[in-house]
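So you know, we letter chains A, B, ... as the sequences are listed, proteins then strands, and number each from 1.
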Protein chains: 2
Amino acid sequence: MENGRDGMTTARTDETAGLGLRPLYVQVREKLLRRLVDGVWAPGDILPSEMQLAAELGVSQGTVRKALDAMAAENLVVRKQGRGTFVARHDDERIMFQFFRLKPDAGERKFPDSTILSTGTFPASAEERRVLGLDPGARVIRIERLRSIGGLPAIVETVILPAGIFGALQGMELPNNLYGLFAVNFGVVIMRSTERLKAVAASAQEAKLLSLAPGAPVLQISRIAYSLENQPVEWRISTCTSEGFHYSVDLR
Amino acid sequence: MENGRDGMTTARTDETAGLGLRPLYVQVREKLLRRLVDGVWAPGDILPSEMQLAAELGVSQGTVRKALDAMAAENLVVRKQGRGTFVARHDDERIMFQFFRLKPDAGERKFPDSTILSTGTFPASAEERRVLGLDPGARVIRIERLRSIGGLPAIVETVILPAGIFGALQGMELPNNLYGLFAVNFGVVIMRSTERLKAVAASAQEAKLLSLAPGAPVLQISRIAYSLENQPVEWRISTCTSEGFHYSVDLR
DNA sequence: AAGTGGTCTAGACCACCTC
DNA sequence: AGGTGGTCTAGACCACTTC
């Protein structure tokens, strides 16, 4: 493919046209990301080999490698020596380590069960529209659930989703791991999230659900989850007991 | 330098001896890390160029580059195009973004002031010995301080340090940014930390210092900070108001 | 002009996996 | 045996900084 990049023997024909001054491997990363977003490759699929991608895109293997290494560092793909490069799966194990930061004070980390308390579709509040970037008049799905860890109630959670994206979710059987459902049924892949934590007093209802005294201090986690396109697609408010559990972060 | 690695023209003489089967760039990274630990290069110093390091260590420039890229990703060094590679500084700005996660609910992020409440040296408790990996009979320095953000009291903090390392700190003027002091005066560079968060009820003393009602819910952050050698060297318990502030994390 | 890190290519060998 | 990603080298050009 003639694209003006031919390595060390020839002068570079500077026809990268317009704003094409970003590094080649960044452009390759964006092309591959675009295919992920468009669902050309689904989670768990194997990607073409580095050599094949290099030939197809008209760049060297090393450039494809640098793009894939960057995507692996972002948890978008998984590289397996001798096998190939795969689109990252949103299996429970991965979600557990990447997004679920609540751990027992002692003992093994466990994944929580979920009991749905209520679901429904409502006009989005002003704050919901602001957080999720929705237009006036937009609607949202609200899911309330109680999550238990090791049989003990630990988290009361409200999940808020744009009805415009997830409307078909109403009436579905809701799995414990929502992000897996988002990926498989809606093509929405959660790439990253931001969380804001506060200590608050438990409301009467929260205290009852969590077997705490009313007004007991609880961790309130407000999470905004972003898709591959970097759009906010979920707002989740989790109220967590601090009795026997803590929120764990590594800073480096 | 004859080390059995000579690239593409000759078969590899597998004399890497014993357990030397780790990648070359990992070994280079460890050699460079050793020099950082030993204080051969101080924070802010410029490192030799990639070419010089490559010649000195008997590897190619590309291998040195991969080691330095890894160290840059770990925040150990900073690379500046056209200038050189520098040992990371522990200036306030960097600490603020890397370790200080408390942000105002609205407005700009600010760095807190500190007022020392008390300091002293004590026999380490059993828990302090466990957390910091100290021998029986070891002593610790305890520093209590009140930190204010924008003039408002926000954090009551206890810092626990092994007296065996930081004994000379007693009597020093304590700066706001302790990690800078650790690096400059004790050669202890904080590389990473782990934090555990809980919601608890403020004690009478904490409530008074933070201008809260007794029993008000507050964020309790337990941080263990690790040196370059990956040894725990500080245990810090911060009690933070949730009135107007939140703890912020990015998960990716 | 000289030196540094950043990008890109090309080709070799190695370790691992599948068939 | 053949294919894949992982490591290592070598050399070119580019962008940026400093003199």
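With a 6.0 Å cutoff to the six-membered ring centre and a 45° limit on the axis angle, A/Arg101 does not count as a cation-pi contact of A/Tyr247.
Salt-bridge formation is not detected for the pair B/Glu74/A/Arg252: no Lys NZ or Arg NE/NH1/NH2 atom is positioned less than 4.0 Å from an Asp or Glu carboxylate oxygen.
With sequence neighbours excluded, the residues that form a ring-ring contact (aromatic ring centres under 6.0 Å, His included) with A/Tyr179 are A/Phe99, A/Phe182. Residues that satisfy the ring-ring contact (aromatic ring centres under 6.0 Å, His included) test with B/Phe186, not counting sequence neighbours, are B/Phe166. Looking at residues two or more places apart in sequence or on another chain, you find no side-chain hydrogen bond (donor to acceptor under 3.5 Å, both in side chains) involving A/Gln231. Qualifying salt bridge (charged side-chain N to carboxylate O under 4.0 Å, His left out) partners for B/Arg130, counting only residues two or more places apart in sequence or in other chains: B/Glu127. Listed by chain and residue number, A/Glu56 satisfy the side-chain hydrogen bond (donor to acceptor under 3.5 Å, both in side chains) test with A/Arg35 (two or more places apart in sequence, or in another chain).
Across the protein-nucleic acid pair, A/Arg22 atom CZ and D/dA15 atom P stand 15 Å apart, rounded to whole Å. If you measure from atom NZ of A/Lys66 to atom C1' of C/dG5, you get 11 Å, rounded to the nearest angstrom. If you take CG of B/Leu24 and P of D/dT7, they are 11 Å apart, rounded to a whole angstrom. Note: CG (B/Leu57) to P (D/dC8) measures 13 Å, nearest angstrom. Between A/Ile46 atom CD1 and D/dG3 atom C1' there is a gap of 10 Å when expressed in whole angstrom units. Rounded to an integer number of Å, the gap from CZ of A/Arg79 to C1' of D/dG3 is 15 Å. Distance CD (B/Gln61) to P (D/dA10): 11 Å, rounded to an integer number of Å. The separation between A/Tyr25 atom OH and C/dG5 atom P is 16 Å, rounded to whole Å.
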Close N or O pairs between protein and nucleotides 1-4 of chain C (under 3.5 Å):
from, atom 1, to, atom 2, distance (Å)
C/dG3, N2, B/Gly82, O, 3.0
C/dT4, O2, B/Gly82, N, 3.3

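You'll find a donor-acceptor pair under 3.5 Å spanning the side chain of A/Arg65 and the base of D/dG6, going by distance alone.
Nearer to the 5' terminus of DNA chain D, by closest-nucleotide assignment, is the contact made by A/Leu68 (compared with the other of A/Leu68 and B/Thr63).
Closest approach to the B/Ser60 side chain among C/dA10, D/dC8, C/dT7 is made by D/dC8 (side chain taken as heavy atoms from C-beta onward).
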